[in-house]
Amino acid sequence: MMDDTSTELSMNPGRAAESAVSGQCRPDDGLAEKSPRVMVVTYGCQMNVFDSRRMIQVLGHAGYVETDDPAAADVIIFNTCSVRDRPEKKVLGSLSRLLPLKEIKPVLFGVAGCVAQQHGQALLDRVPYLDFVIGPDNIADLPDVVTRAASGRRTSSATWMDPRSYDFIPLDADVEAGPVAFLTIIKGCDNFCSYCMVPYVRGREVSKPAGLVLDEVGSLVKAGISEVTLLGQNVNSWGRGLEGNPTFPDLLEAVSAVPGLKRLRFVTSHPADASDRLLDLFGRLPNLAEYLHLPMQSGSDDVLARMGRRYTFAEYFNRIERVRAACPDVALSTDIIVGFPGETAADFESTMDAVRRCQFDLMFSFKYSPRPGTAAASWKDDVPEAEKAARLAALQAMQDGITKSRMQRFLGRVEEVLVEGPSRDSRKDGALQIMGRTRTNYIVNFTVPGGRVPSPGELVDVRIERILAHCLKGVVPG
Ligand code: SF4
């Protein structure tokens, strides 16, 4: 696992971006041979992946097509995440390696996302080869910003919008590639956990109105999307401030009823806001997949209090018991930070005990490191680096064993798998391997002996025959 400090959605309980990925593709179909091209490189969580698609979408409306080839790009944007360690350095390093392109043609370099929001004009002042900086709230301005930059006016557009007038950009369904889609339903966070930068770089919570969410899900399904993941730093707060104060369970029920939606997921939930009603929906809504990411962060009540998490371990564990009572097979994942300021050996032992009791399917664990501007950054970072590393290694070794034993339950079972496409090792064993995911979010590579090869987005029953370290292997029964 990464050496980093966690934040909800900074980790990846699924398929998105722990490392750099390019944005989703609007296919460059050759019809637009003369169209300008944009390349977006994404660092960070699914929210950033979603924002990258919105950038591609707004530039698409301005005539751009997407490319993943820097040599072909007229505009290169690095969409960044400042909850990660030294992201600015990483991004600027990547951009400087692309600098020779500027000698060949007038390519524009932009930085977007949390780093852009955090540094704004200062970043432009410091980096002479950067042409524009754009914050997450200003994506609608991107075509203007690019036009200005193309005429030599370097621009920083990184201002917060007033939450009362925040305007979500509706998602064009055709920007999606593949059978699964992410959809932001709430932006920002009001929790101010003491270690986390999100409220400073993503602003206050603003919920997307239900009508807009339902329209977007409907058009995604019409465009062939089978699975939608509703996104937010804390989806459980969805609805606050909207007319009639609807709740997240209300929204889940409504989205679940969209005709043709095969699977529904959501991420991330704050344990203090995970209501009984929400947890009871698992096992009740037929297309709500049995997977819940519930960041615990620590098993020590003292550390949780200093983190500002608003729950004790007992309260957290009660949430785990509730969801398992509603849906015994649910897969659970979590985030843990080790070496938080003041974390004693006894505190760490409490975390080990807590993880042992919770029996997570998956854990994302990180060494604490201070983030500028947060409350914890002003406290002494007093757990020595070697001790943090030792605690992290012990925790991960224990979780590896738990994951392995949790996976055994699938052996011999027939699981519903949503097909995503050919597996990476497609024809390694001679037979065509297909990749998909179980409802519990495990990757399955499987074969279809003698049968029709299923298309991406289809649901197929797969018998699980082998358990590997990070995925399951199976076969479609004849
Ligand atoms: S401040 Fe918000 S985003 Fe950050 S860890 Fe806390 S709940 Fe998650």
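Just so it is clear, the structure is predicted and the values come from calculations on it, not from any experiment. For the single chain, residues carry numbers from 1 onward in sequence order. Remember, it's 1-based here, ligands and their atoms both numbered in the order they're listed.
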Honestly, for Phe192 the part within reach of ligand 1 (heavy atoms, under 4.0 Å) is backbone
message = More than 12 heavy atoms of other residues, nucleotides or ligands under 6.0 Å from CD of Gln408: yes or no?
response = yes
Checklist entry - Non-hydrogen atoms of Arg202 versus ligand 1: any pair closer than 4.0 Å? => result no
Contacts of Val221 meeting side chain to side chain contact (heavy atoms under 4.5 Å, CB included) (sequence neighbours excluded), chain-then-number -> Val217, Val258, Leu261
So the atoms of ligand 1 within less than 4.0 Å of a heavy atom of Cys196 turn out to be 1 (S), 3 (S), 4 (Fe), 5 (S)
Q.
Can you confirm whether the side chains of Asp51 and Asn79 place a donor and an acceptor under 3.5 Å from each other?
A. no
Ligand 1 atoms nearer than 4.0 angstrom to some heavy atom of His270 are 7 (S)
(Q) If the cut-off is 2.8 Å, does any N/O/S atom of Cys189 fall short of it from atom 2 (Fe) of ligand 1? (A) yes
For Pro199, the atoms of ligand 1 under 4.0 Å from one of its heavy atoms are 1 (S)
Would you say Gln396 and Ser365 are linked by a side-chain donor-acceptor pair, where the criterion is simply a distance under 3.5 Å?
yes
For residues 372-384, the side chain to side chain donor-acceptor pair (under 3.5 Å) pairs (sequence neighbours left out) are Asp381-Lys388
Under 4.0 Å from one or more heavy atoms of Arg309, ligand 1 contributes atoms 5 (S), 6 (Fe)
Is the NZ or CZ atom of Arg439 positioned over Tyr291's six-membered ring, under 6.0 angstrom from the centre and within 45° of the axis? no
